[in-house]
Amino acid sequence: MLIDKKILAGGIAMLVVGMVLISIINSSTPAGRAGMTEDEKFELMIAEEENRNMNTLASILTGIGFLLILISFGARRKRSGAAKKEEKKPEA
């Protein structure tokens, strides 16, 4: 089985970093409390939106890493020492 090790290593690294970021972001979810003022509610909404956006970016990173892992199994390197195949026309 042909595997491009550089692409595989990059994909694994991106996958691991993405999963770590997702776990960190999900563990620090902003929480509200009762009796908040309008300014505090607005700041909470902004913090929730930032958290959601960061989670989306980390998920995209994880997805690209997974795709790189899949691509690495089908990637083939060009052989530098191999001779070019030439088609010979049959003489008729």
Colleague: Can you find a pair of side-chain heavy atoms, one from L8 and one from D4, that are under 4.5 Å apart?
Modeller: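 No, too far: nothing below the 4.5 Å cut-off.
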
Colleague: Output the distance between atom CD1 (I22) and atom CE (M19), rounded to the nearest 0.5 Å.
Modeller: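 So the CD1 of I22 and the CE of M19 are separated by 6.0 Å.
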
Colleague: Please find the pair of heavy atoms, one from P30 and one from N51, that lie closest to each other, and give the distance.
Modeller: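 So the two residues come closest at CD-ND2, 3.2 Å.
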
Colleague: Kindly compute the distance separating OG (S59) from CD1 (I64), expressed to the nearest 0.5 Å.
Modeller: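 So the OG of S59 and the CD1 of I64 are separated by 11.0 Å.
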
Colleague: At what distance, to the nearest 0.5 angstrom, does CD1 of I12 lie from CE of M14?
Modeller: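 It comes to 12.5 Å.
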
Colleague: Give the cluster check for V16 versus L70: same hydrophobic cluster or not, with ILVMFWY residues linked at side-chain heavy-atom distances below 4.5 Å.
Modeller: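 Same cluster.
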
Colleague: To the nearest 0.5 Å, what is the distance between CG (N26) and CG (L21)?
Modeller: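 Rounded to the nearest 0.5 Å, the CG-CG separation comes out at 10.5 Å.
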
Colleague: Going from CG on L15 to CG on L67, what distance comes out if it is rounded to the nearest 0.5 angstrom?
Modeller: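 Going from CG on L15 over to CG on L67, the span is 10.5 Å.
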
Colleague: Within the 4.5 Å heavy-atom criterion, are T37 and E40 side-chain neighbours or not?
Modeller: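 Contact flag for T37/E40 side chains = yes.
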
Colleague: Below 4.5 Å, heavy atoms only, C-beta onward: do M36 and L44 meet side chain to side chain?
Modeller: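 Yes. Closest side-chain heavy atoms under 4.5 Å.
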
Colleague: Flag yes if I46 and I25 sit in one hydrophobic cluster, no otherwise; membership is Ile, Leu, Val, Met, Phe, Trp, Tyr, and two members link when side-chain heavy atoms are under 4.5 Å apart.
Modeller: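 Different hydrophobic clusters.
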
Colleague: Kindly compute the distance separating CD (E48) from CE (M45), expressed to the nearest 0.5 Å.
Modeller: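 It is 8.0 Å, given to the nearest 0.5 Å.
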
Colleague: Do L68 and S72 touch side chain to side chain, with heavy atoms closer than 4.5 Å?
Modeller: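 Answer no - side chains too far apart.
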
